[in-house]
Amino acid sequence: MSKCKKCRSLFPEYFYGELDPPKKKFLDEHLSACEKCKSQFAEMETVLRFTRKRIRPEPPEEFWDSYEERLERRIETEEASTVGRESLWRSLGRRFYAAPKWTYQAAAAVALIVIGVFIGRALFSPRITGVQLASQRLELTTPQQPETTLIHRSQDYIERSKLILLALVNFDPSTEDPYALNLPYQKQVSKALVEEAGILKKELAESDQERLENLVASLEIILLQIANLESESDLDAISFVRDGIEKRGIIMEINLTDLRLFMNRAKGSVSPEQPSHKPKTT
Amino acid sequence: MAQNDQILIDRLCSGDQTAFYDLVGRYKKKIYHLAYDITGDHHEAEDISQEVFMKVYRALKTFRRDAKMSSWLHQITVNASIDSLRRKSAKPAKSMGKFDNVVAQENIIASSTQNYDPVQSTESIQIQNRISLALQKISPKERIVFVLCHYNGLKLNETAEILNVTIGTVKSLLFRAIRKLRKELSPFLNDYRMEIPHE
């Protein structure tokens with residue numbers, strides 16, 4: 001963690017008097033040397049002093065004097081309605097116990113059969129992952145040519161991956177606190193996207209969509225790196241992944257792919273792409 | 001206060017009926033203030049505070065002697081306030097009037113207090129309005145953390161315990177709350193310049 005980041009992380013404890021002496025010493029020394037942190041500290045302290053000017057509006061004395069009386073009335077009202085509900089249950093209970101024995105036995109048998117059916121369906125029906133379910137839904141709702149469906153799914157996949165990459169690329173640790181990145185959520189989504197990439201690559205290879213296949217493969221690598229990031233405070237690892245995104249030019253490749261697919265749609269064609277001479281990324 | 005609370009808990013657990021109203025007397029203002037800080041609405045705050053004590057009344061028989069009364073009350077109040085905010089956010093047309101309602105209520109209450117000076121109070125009312133509006137503009141989570149620490153005197157670890165989150169999360173939410181408040185209040189901060197020398 002950088003010194004500035006560490007210093008800023010101590011601000012809340014300082015402002016509320018919970019900073020221990022060694023940390024306070026570090027804070028004082030850093031603020032003396034760093035104009036940026038000093039300025040941010042002063043701004044935040046000003047806000048806190050200003051907001052302390054707030055005078056919480058106080059209800060009049062009569063409000064407080066009659067408070068317990070109003071509460072007591074409320075409790076009595078609730079107890080009265082509870083007694084009413086209990087009487088209803090008691091009368092229902094009496095009717096239940098008055099019913100012949102065979103009715104309970106029949107009801108128990110029906111309940112057991114229903115439970116058995118639910119357990120059987122839960123245990124023995126084939127499991128499908130969320131990714132497969134999403135694929136099936138898409139195929140059911142978009143009755144088009146298989147090629148078009150695959151292209152649309154790929155586009156949708158690329159768009160979702162792009163959002164994850166942009167969140168990382170746009171994260172600036174010098175101005176934002178680490179929790180702004182929401183890394184646990186990013187990791188969870190990246191993991192799902194990596195899983196989906198495996199299926200998508202296979203289908204794209206079978207359809208001779210080599211460019212899309214290569215792009216999905218590149219995304220898969222980056223998303224795997226994101227899924228394996230340890231924590232928001234590991235800025236070196238986050239920088240490494242960001243550098244990887246920038247060096248590979250993946251965002252640009254995504255934008256070019258979008259443009260290409262848009263032009264293909266405009267022409268009305270969804271043909272397999274010409275094989276590219278670019279070596280596959282690994 | 002902790003020792004007094006323990007005596008109160010012992011009386012409650014032993015079935016002393018008067019102990020419940022002693023508890024209400026001790027905590028009613030704190031609970032109301034916290035609910036008001038979160039919701040910004042007097043009627044909601046009253047309703048929430050009464051609901052908190054209703055829950056305490058229902059749970060009297062199962063209350064644990066080793067439990068900390070103030071933390072428990074704070075927790076119930078925060079949860080009830082969050083429920084109230086969620087219900088309000090489900091009614092978009094009416095809830096937008098809440099900001100004006102906050103301002104109007106605070107103006108009425110301010111003008112009805114003793115030693116009311118209209119000239120001085122105009123400036124004071126403007127400051128109060130600005131702060132109240134700024135608090136309503138930050139997210140509920142950020143507002144709750146901010147009011148718990150800033151206006152209700154809770155420590156960071158107590159706040160974390162009440163909200164069932166880590167101290168790191170509390171610090172992060174607090175940091176964000178202060179930053180957003182700075183943005184909302186910046187025109188006023190420029191007018192009311194304060195030189196704060198760092199000691």
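None of the values given here were measured: they were computed from a predicted structure. To find a chain, count down the sequence lines: A is the first, B the second, and so on, and within it residues start at 1.
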May I have the step-by-step check of side-chain contact (heavy atoms from CB on, under 4.5 Å) for A:Glu78 and B:Tyr57, ending in yes or no?
CA-CA 11 Å; A:Glu78 191 185 86; B:Tyr57 186 81; 6.0 Å; no
Is there a side-chain contact (heavy atoms from CB on, under 4.5 Å) between A:Leu71 and B:Phe20? Walk through the geometry before answering.
CA-CA 11 Å; A:Leu71 179 62; B:Phe20 173 70; 4.1 Å; yes
Can A:Phe11 and B:Leu174 be said to form a side-chain contact (heavy atoms from CB on, under 4.5 Å), step by step?
CA-CA 10 Å; A:Phe11 285 178; B:Leu174 203 48; over 6 Å; no
One pair to check against side-chain contact (heavy atoms from CB on, under 4.5 Å): A:Phe50 and B:Ile127. What are the steps and the verdict?
CA-CA 9 Å; A:Phe50 186 78; B:Ile127 291 173; 4.0 Å; yes
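Between the side chains of A:Glu58 and B:Tyr32, no donor-acceptor pair is found at a separation under 3.5 Å.
A:Glu72 places no side-chain N or O within donor-acceptor distance of the main-chain N or O of B:Tyr21, the cut-off being under 3.5 Å.
No side-chain heavy atom of A:Thr46 sits under 4.5 Å from any side-chain heavy atom of B:Arg182. A heavy-atom distance below 4.5 Å is not found between the side chains of B:His150 and A:Phe15. Two residues are said to be in side-chain contact when any heavy atoms from C-beta on lie closer than 4.5 Å; B:Ile178 and A:Thr51 fail this criterion. Residues B:Phe146 and A:Leu48 have side chains in contact (heavy-atom distance under 4.5 Å, counting atoms from C-beta outward).
At a 4.5 Å heavy-atom cutoff, B:Leu173 makes no contact with chain A through either its backbone or its side chain. Contacts of B:Glu51 with chain A are made by both backbone and side-chain atoms, with heavy-atom separations under 4.5 Å. Only the side chain of B:Ile131 comes within less than 4.5 Å of a heavy atom of chain A; its backbone N, CA, C and O stay farther away. In this structure, the portions of A:Tyr67 lying under 4.5 Å from any heavy atom of chain B include both its backbone and its side chain.
Considering only heavy-atom pairs separated by less than 4.5 Å from chain A, the leading option among B:Arg130, B:Arg58, B:Lys171 is B:Lys171. Contact tally against chain A (heavy-atom pairs below 4.5 Å) for B:Ala134, B:Ser49, B:Gly153, B:Gly25: the top residue is B:Ser49. By number of non-hydrogen pairs under 4.5 angstrom with chain A, the leading residue of B:Leu156, B:Ile167, B:Val24 is B:Leu156. Comparing A:Met44, A:Glu68, A:Arg56 by heavy-atom pairs within less than 4.5 Å of chain B, the highest count is held by A:Arg56.
Residues A:Glu43 and B:Arg179 are not paired through a salt bridge, judged by the lack of any N-O separation under 4.0 Å between the basic side chain and the carboxylate. Salt-bridge annotation for A:Glu18 and B:Lys155: absent, with no side-chain N of the basic residue lying under 4.0 Å from a carboxylate O of the acidic one.
A cation-pi geometry, defined here as NZ or CZ lying under 6.0 Å from the six-membered ring centre and within 45° of its normal, does not hold between A:Arg8 and B:Phe175.
The OH atom of A:Tyr16 sits 9.5 Å away from the OG1 atom of B:Thr159 when rounded to the nearest 0.5 Å.
Open room surrounds OH on A:Tyr185; 12 or fewer heavy atoms of other groups in view lie less than 6.0 Å from it. Heavy-atom contacts from other residues, nucleotides or ligands closer than 6.0 Å to CG of B:Asn164 number 12 or fewer.
Minimum interatomic distance between A:Arg74 and B:Met54 (heavy atoms only, all atoms of both residues): O-CE, 3.8 Å.
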